[in-house]
Amino acid sequence: MLDIKDVSYNPKKYEESIIEFWLSNNLFSPEYRKYPKNTRTFTIILPPPNANAPLHTGHVTGNTYQDIMGRYHRMLQDKVLLLPGKDHAGIQTEIVFEKELLKGSGRSKRDIGREEFVKQCLEFTLKNAKNATAQEQRIGLSADYSREKFSLDENITRQVQETFIAMFKEGLVYRGKRIINWCSKCQTALADIDTEYIEEDTKLYYIKYGDLVVATTRPETIMADTALAVNPKDKRYKHLIGKTILVKSIDGEKELPVIEDFAVDENFGTGILKVTPGHSKEDFEIGERHNLPRISIIDNYSKLTYGRYKGMKVKDAREAVVSDLEALGLIVKIEDIKHKIQICERSHTVIEPLLSYQWFMKTRGLAKEAILAIEKGDLHIHPQRQEKNYLRWLENIEDWCISRQLWWGQRIPVYYCGGKRTEIDENGDLKEIIGSGSTGSGSTGSRSNGCGEIIVSIDKPKKCPKCNNTNLVEEEDIFDTWFSSTQWPYTTLGGTESKDFKTFYPTNVLETGRDILFFWVARMVMMGLYRTSKVPFFDVYLHGLVLDKDGLKQSKSKGNGVSPMEMIDRFGTDSLRLSLVSGVAPDQDMKLYDEKVKGFRNFINKVYNSSRFIFLKMENLSEDDKKFIRENTGVYAAKTNIHITQEIQDLIRIVNRNIENFEFGLAAFNLQNFYHHTFCDSYLEDMKNPKNDNIESNAELVHTFYTLVKLMHPFIPFITEALFQTLKDKGLIKTEEISIMYEEFPKDQSQKTIIKNLKV
RNA sequence: GGGUUCGUAGCUCAGUUGGUUAGAGCGCAACAUCGACAUUGUUGAGGUCACAGGUUCAAAUCCUGUCGGACCCACCA
C-alpha cells in the first residue's frame with residue numbers, strides 16, 4: 001500500500017484512492033457487516049449544510065468531530081450510522097440564487113414566475129449539494145451516502161406537512177394576527193436570525209400629547225397609538241397611571257389611557273412611551289399585557305394607509321407628519337441621536353414590524369417538555385454550562401411564526417374555501433377575509449365565493465367538506481426552513497414507522513456549532529418530543545467557531561474566509577483534521593492558519609517516517625519470523641529488554657476516557673504527544689540499540705505500533721488506513737478485516753498508574 | 001440591562017472532582033545528524049498562570065472584587 005521508498009508522506013498520493021476504497025466496499029454502511037440482533041447502535045444525524053455554497057471550515061470542523069465519534073464506535077463494534085443530508089436553506093438559497101440568476105439581467109424572480117424559479121433553483125441547489133457531498137467525502141466523513149437526504153425530498157416534505165396537519169388538529173398551530181418582522185423588499189415575514197441591526201443617525205422628536213411630552217423616532221405612527229405608558233417606578237408620572245388624557249393631534253382628538261409597564265425605560269426621552277401595538281414589537285407585547293387595541297396604518301409595501309398620508313412611503317410620511325405637527329405647534333424639540341435599526345440581512349431593507357396574518361406554532365407547552373428533558377437527565381449538553389443558555393431560551397419562548405412568503409421551500413398544506421385576502425379598513429383594523437367575506441354561516445354557501453373554511457390537506461381536496469364549494473385556493477406560503485430542519489432526526493430516518501427509525505432512533509449524539517443551539521437544537525428537542533415522544537438524541541456536543549489568524553470571525557464581506565479544500569490540497573486531510581481538533585476545548589473558538597496546519601502536517605509525516613523505520617527494519621525478516629510476529633505480537637513483551645507496555649495501557653485508558661467524555665481535543669493531543677515523544681523519541685530510539693534487535697522485541701514493536709495506529713484511526717483515518725494495509729500486505733499483522741475501520745479499538749486492560757505527560 | 005466566556009512562555013493554545021519541579025507546537029539560541037524523518041533530534045533560554053483579596057496543609061484551578069478582550073440574549077419607543 002504505502003510506497004516506503006518515499007522519504008516523506010504525500011497525502012495526495014493516497015487519500016483519493018482510500019476514499020474510493022472505503023466507498024466502493026460500502027464500508028460506511030451499517031449493513032456492511034451482519035451484526036448480532038442486540039448489537040448496540042450508534043447514530044448521528046449529521047447537520048445538513050446549506051446546499052447553496054461550498055463547505056466552510058465550520059462544516060469541516062463538525063464533520064471531523066462527527067467522524068471521530070463514528071469511527072470510534074464502529075471500532076468498538078457498534079452498529080454505526082452517520083446519516084448525511086443537505087438543506088434547501090429557504091430564504092438564504094432563494095436570495096443567493098436570485099442574485100446568481102438575475103445578475104445584470106434586470107429581471108426579478110416575479111418576472112420568471114414561481115414554477116420556473118423553483119425548477120431552476122432546484123437544479124442550482126442539487127448541483128451544489130453534489131459538490132458539498134464530494135467535499136464531505138474528502139474530509140473522510142464515514143457517512144452512509146446510500147441514505148443521503150435532501151430536505152425537499154418528497155418523503156421529507158410529506159412528513160413535515162403531516163406534522164403540521166397533526167399540530168393543526170390539536171390546535172398547536174393556528175392562523176393568527178401577530179406582530180412579525182416584515183421585509184417590504186423580499187415581501188416576507190422574517191425570523192430574527194434573518195435580520196441584523198445597524199447604527200444610524202436619526203432624529204428624536206419631542207411631541208406634545210395634551211399636557212405631556214413624548215419622545216419618539218417614529219412620529220408617523222402617531223395615528224396608531226393606543227396608549228401612553230410609563231414605568232411604575234417613575235415618580236414623575238405616578239399620578240397619571242390609570243387616567244385617560246385627551247390628545248389633540250394630527251389625527252384629531254382622541255383619548256389615550258396612561259398605563260404602567262416595566263418595559264418602559266424611564267431614562268429615555270421624557271420617560272413616557274407612546275404605545276403602538278400595531279407597529280412595534282415591544283409595544284405589541286405591552287398591548288397584550290394591557291389589552292390594548294391594535295391599529296395598522298402601514299401596509300406590506302411600507303406605505304401608509306391612513307388619511308392624507310395614504311400611499312406615502314414611511315420616510316416621506318415621517319416628514320409630512322412632522323411638518324403637520326409643527327404647523328399645529330406640537331413639536332417641542334428635535335434631537336439628533338444615533339440609534340440602531342433592524343434591517344433585512346439579505347436585502348438590507350429596513351424591517352417594518354407589522355401586524356400580519358401568519359401561521360404560528362404554540363410553543364409554551366412543547367418548550368416545557370424540552371426543559372423537562374434536561375431536568376430529568378434525558379438530554380445532556382456538552383459542555384454542560386450551555387444547558388443554562390438552552391433553558392433560558394426555552395423559558396422565554398414565544399409563539400413561532402412558521403410561514404414565509406417565499407417560493408423556495410415546502411408549501412404549507414392548507415386550502416382556503418373561497419381564497420383569502422387581507423385589508424386594512426378605515427379604522428386601521430387589519431383583517432383577513434377568507435371566502436366571500438360573510439363568514440361563519442355554516443350553510444352550503446355559494447359555490448363561487450366559498451364559506452371561508454380552512455382545510456388542511458396535503459393533496460388538494462375536490463370540494464370543501466363544509467359547503468361543497470369547489471373553489472379552493474391553495475396556501476401560497478411556505479414553511480420557515482427551521483420548521484423542516486427541526487424535524488430532521490426522524491424525517492431522515494424515513495418517518496416514525498420505518499425500519500430505520502426503529503433501529504436507530506433515538507439517535508446518540510447531535511454534534512453542531514454552538515451558534516444554533518436555540519434555533520435548531522432546542523426546537524429539535526421540542527419537535528422530537530411532539531412527534532416521537534422521545535428526545536431525538538442523548539448528547540449534544542457543541543463546537544466553537546473557526547476564526548482567522550487574527551481571531552476574527554470569518555465572513556464573506558471581510559474576505560478572510562479560510563478554504564478547507566485548499567488546506568486539504570496543500571497539507572492533506574489528516575493534518576487539517578488534527579488542526580481543527582487537537583488541543584481544542586469543547587465550545588471554544590479556535591484559530592486556523594497555515595503555520596498551524598503545517599505543524600500537524602509535520603506530525604503526520606513523522607508518523608509516516610516512523611512506520612518507514614519499522615517497515616525497513618522488518619523488510620529482511622524471513623517468512624518464519626514474520627509469522628512469529630503476526631502470531632505472537634505482545635506475548636513476549638515481558639521478555640524483551642525494552643517495551644512501553646504499561647505506558648500504552650495508560651494511554652489507551654485515557655484516550656478512551658477522553659472520547660467518552662467528549663474531550664476529543666484532549667484525546668487527539670494525548671495521542672499526538674505520546675506518539676511523538678514517547679513512541680518515537682524514546683522507544684524507537686532505544687530500539688536502534690543492536691542488543692534489542694531480536695525477534696521478541698520486533699514483535700513487541702510491531703504490536704505497539706499497530707495499537708497506536710488503531711488508536712489514532714478515528715482522528716487521522718487516511719494515513720492509518722494506509723498503514724494498516726501496509727502492515728497487512730507485509731504479513732506483519734493477522735486480521736480478517738479489509739479495513740482498519742472495523743478493527744477493534746484498543747481497550748484498557750489494567751488499572752495501573754497514570755504516566756506523567758498525559759492529560760486526563 | 002441580563003447571561004456566558006477568556007486573560008498561562010515572544011506567538012497560538014492545552015491544563016476536568018485543588019496535589020511533586022505549570023506543558024505542547026511555532027519562534028529563538030547552541031549543538032548533532034545524509035542508514036525512519038532537515039517536514040529531524042538533543043540541550044537550553046523564556047512564566048510573580050491579568051491584578052487584589054479570601055478559603056485551604058496545599059490554588060493556574062474554588063470564592064469575592066477590579067481591569068482588559070470576546071460572545072450570546074433582550075431592548076433600542
Side-chain angles (χ1 to χ4, degrees), chain A residues 4 6-10 192 197 199-200 202 204-205 207 214-219 221 225 228-229 261 263-265 267-276 279-283 285-286 337-342 353 383-386 388-389 391-393 396 514-515 517-518 544-545 547 549-553 571-572 575 578-579 582-596 598-617 657-658 661-663 665-666 668-670 672-673 676-677 680-682 684-685 687-688 756-760:
Chain A
I4 59 167
D6 295 339
V7 291
S8 62
Y9 178 65
N10 177 10
D192 285 339
Y197 286 90
E199 198 162 83
E200 214 186 45
T202 187
L204 182 63
Y205 303 90
I207 301 166
V214 172
T216 181
T217 57
R218 300 212 59 186
T221 61
D225 293 343
L228 294 177
D261 198 289
V264 180
D265 179 358
N267 298 317
F268 187 93
T270 59
I272 306 175
L273 169 70
K274 71 186 206 51
V275 186
T276 321
H279 291 291
S280 150
K281 221 186 293 180
E282 181 75 357
D283 294 7
E285 282 161 22
I286 294 173
I337 59 161
K338 276 198 193 303
H339 133 113
K340 279 182 186 168
I341 53 165
Q342 196 178 13
Q384 200 184 359
R385 69 181 120 80
Q386 287 288 356
K388 264 188 237 165
N389 282 335
L391 292 173
R392 201 156 36 82
W393 189 79
N396 297 312
R514 62 133 201 270
D515 47 331
L517 175 64
F518 308 132
L545 296 171
L547 309 172
K549 189 173 185 174
D550 301 318
L552 298 169
K553 203 166 158 173
F571 302 112
S575 312
L578 275 185
S579 312
S582 182
V584 178
D587 185 38
Q588 218 52 46
D589 292 347
M590 57 106 36
K591 299 180 194 181
L592 184 69
Y593 49 92
D594 279 17
E595 292 86 335
K596 186 166 182 174
K598 222 182 259 177
F600 288 101
R601 191 264 322 262
N602 293 355
F603 171 71
I604 297 297
N605 191 58
K606 184 86 184 168
V607 173
Y608 169 76
N609 262 302
S610 52
S611 79
R612 230 179 130 229
F613 171 75
I614 296 167
F615 289 134
L616 291 171
K617 199 169 160 58
R657 191 194 304 168
N658 287 155
N661 292 342
F662 294 88
E663 295 157 345
L666 273 185
F669 178 85
N670 282 328
Q672 189 196 331
N673 237 359
H676 201 147
H677 301 296
C680 292
D681 296 349
S682 167
L684 280 192
E685 289 303 320
M687 281 301 291
K688 288 180 182 170
K756 222 179 154 184
N757 240 344
L758 295 177
K759 311 290 182 187
V760 182

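Naming: A, B, ... by sequence-line order, numbering from 1 per chain. Please read these numbers as outputs of a predicted model, since none were measured by experiment.
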Discussion item. Between U61(B) and G18(B), how many Å separate the two P atoms, rounded to a whole number?
Written reply: 11 Å
Practice prompt. Can you figure out which of G41(B), C71(B), C76(B) approaches the side chain of Lys606(A) most closely?
Written response: G41(B)
Fill in: Side chain Asn609(A), main chain Val7(A), donor-acceptor under 3.5 Å
yes
Worksheet item: What nucleotide among U40(B), C71(B), U12(B) has an atom nearest to a side-chain atom of Arg514(A)?
Response: C71(B)
Worksheet item: To the nearest Å, how far apart are Leu517(A) CG and G3(B) P?
Response: 18 Å
Discussion item. Does Lys596(A) qualify as a cation-pi partner of Phe571(A), given the criterion of NZ or CZ under 6.0 Å from the six-membered ring centre and within 45 degrees of its axis?
Written reply: no
Worksheet entry | P spacing across the pair C26(B) / G19(B), given as an integer number of angstrom | 28 Å
Worksheet item: On a whole-Å scale, what distance lies between the C1' atoms belonging to U5(B) and C13(B)?
Response: 16 Å
Item to complete: Enter the distance from Tyr9(A):OH to Phe603(A):CZ here, rounded to the nearest 0.5 Å.
Response: 12.5 Å
Worksheet entry | Closest to the Phe613(A) side chain, choosing from U4(B), A36(B), U39(B) | A36(B)
Worksheet, complete the sentence: CG of Asn389(A) to CZ of Arg514(A), rounded to nearest 0.5 Å, is 9.5 Å
Worksheet item: Considering only C76(B), A36(B), U12(B), which nucleotide approaches the side chain of Lys596(A) most closely?
Response: U12(B)
Worksheet, complete the sentence: The nucleotide from U5(B), A36(B), C76(B) with an atom nearest the side chain of Arg385(A) is U5(B)
Fill in: Any donor-acceptor pair under 3.5 Å from Thr276(A) side chain to His279(A) backbone
no
Discussion item. Could you check whether any side-chain N or O of Arg612(A) sits under 3.5 Å from a backbone N or O of Ser8(A), counting only pairs where one atom can act as donor and the other as acceptor?
Written reply: no
Practice prompt. May I ask you to say what Gln342(A) touches in the nucleic acid, namely base, sugar-phosphate or nothing, with a heavy-atom cut-off under 4.0 Å?
Written response: nothing
Worksheet item: Separation of Asn605(A) atom CG from C37(B) atom P, in whole Å?
Response: 10 Å
Discussion item. Checking contacts here: which listed nucleotide (A24(B), U39(B), C72(B)) is nearest the side-chain heavy atoms of Phe518(A)?
Written reply: C72(B)
Item to complete: Look at the side chain of Cys680(A) and decide which nucleotide, out of A36(B), A24(B), C75(B), has an atom nearest to it.
Response: A36(B)
Item to complete: Starting at atom CG of Asn389(A), determine the distance to atom C1' of C73(B), rounded to an integer number of angstrom.
Response: 8 Å
Worksheet item: Any sub-3.5 Å donor-acceptor pair from Asn396(A)'s side-chain atoms to Arg392(A)'s backbone N or O?
Response: yes
Worksheet item: Can you tell me how far P in C11(B) sits from the matching atom in U4(B), rounded to whole Å?
Response: 29 Å
Item to complete: Among the candidates G41(B), A36(B), G3(B), find the nucleotide nearest to the side-chain atoms of Arg392(A).
Response: G3(B)
Worksheet item: Nearest of C76(B), U39(B), A24(B) to any side-chain atom of Arg601(A)?
Response: U39(B)
Discussion item. Considering every strand and a 4.0 Å limit on heavy-atom distances, what is the contact class for Thr217(A): base, sugar-phosphate, or nothing?
Written reply: sugar-phosphate
Worksheet item: In whole Å, what is the span from the CG atom of Asp261(A) to the C1' atom of C76(B)?
Response: 16 Å
Worksheet item: Contact class for Phe603(A) (heavy atom, under 4.0 Å): base, sugar-phosphate, or nothing?
Response: nothing
Discussion item. With nearest nucleotide decided by heavy atoms, which residue, Ala229(A) or His676(A), maps closer to the 5′ end of RNA chain B?
Written reply: His676(A)
Discussion item. Using atom C1' in both nucleotides, what's the gap between C28(B) and G69(B) to the nearest angstrom?
Written reply: 28 Å
Fill in: No-H, no-angle donor-acceptor pair, Glu685(A) side chain to A36(B) base, under 3.5 Å
yes
Discussion item. When the P atoms of U8(B) and C62(B) are compared, how many Å lie between them, rounded to an integer?
Written reply: 16 Å
Practice prompt. Give Asp265(A) one of three labels, base, sugar-phosphate or nothing, depending on what nucleic acid heavy atoms sit under 4.0 Å from its own.
Written response: base
Practice prompt. Please map the stems of RNA chain B, keeping only stretches of three or more Watson-Crick or G-U wobble pairs with both distances under 3.5 angstrom.
Written response: B:1-7 with B:67-73, B:10-13 with B:23-26, B:28-32 with B:40-44, B:50-54 with B:62-66
Worksheet item: Mind checking the C1' distance from U64(B) to G27(B)? Whole angstroms is fine.
Response: 39 Å
Fill in: From OG (Ser280(A)) to CD (Glu285(A)), nearest 0.5 Å
8.5 Å
Worksheet item: Between Asp192(A) and Lys281(A), does at least one N-O distance fall below 4.0 Å, as a salt bridge requires?
Response: yes
Item to complete: Using atom CG of Asp515(A) as one end and atom C1' of U4(B) as the other, report the distance to the nearest whole Å.
Response: 15 Å
Response to the item:
From the candidates U4(B), U40(B), G25(B), the one with an atom nearest any side-chain atom of Lys388(A) is U4(B)
Discussion item. If the threshold is 4.0 Å, N to carboxylate O, is there a salt bridge linking Glu595(A) and Lys598(A)?
Written reply: no
Discussion item. Any side-chain N or O of Lys591(A) below 4.0 angstrom from OP1/OP2 of C13(B)?
Written reply: yes
Practice prompt. Report the distance from atom CG of Asn396(A) to atom P of C72(B), rounded to the nearest whole Å.
Written response: 18 Å
Discussion item. Quick one: does any side-chain atom of Ser582(A) pair with a main-chain N or O of Ser579(A) as donor and acceptor, under 3.5 Å?
Written reply: no
Discussion item. On RNA chain B, compare the nucleotides closest to Ile272(A) and Tyr9(A); which residue's is nearer the 5' end?
Written reply: Tyr9(A)
Item to complete: Write down the distance between CG (Leu545(A)) and P (U5(B)), rounded to a whole number of angstrom.
Response: 16 Å
Item to complete: Can you tell me the distance, in whole Å, between the CZ atom of Arg612(A) and the P atom of G35(B)?
Response: 11 Å
Worksheet entry | Sugar-phosphate only, base, or nothing, as touched by Lys617(A) at under 4.0 Å among non-hydrogen atoms | nothing
Practice prompt. Would you indicate what Ser610(A) reaches in the nucleic acid, counting non-hydrogen atoms under 4.0 angstrom: base, sugar-phosphate, or nothing?
Written response: base
Item to complete: Determine the Euclidean distance between corresponding P atoms of G2(B) and G65(B); express it in Å to zero decimal places.
Response: 13 Å
Discussion item. Does a side-chain N or O of Asn602(A) approach OP1 or OP2 of G25(B) to a distance below 4.0 Å, or not?
Written reply: no
Discussion item. Does Val275(A) reach a base, just sugar-phosphate, or nothing at all? Heavy atoms under 4.0 Å.
Written reply: nothing
Discussion item. Students often get this wrong, so: under 4.0 angstrom with heavy atoms, is Arg218(A) touching a base, only sugar-phosphate, or nothing?
Written reply: sugar-phosphate
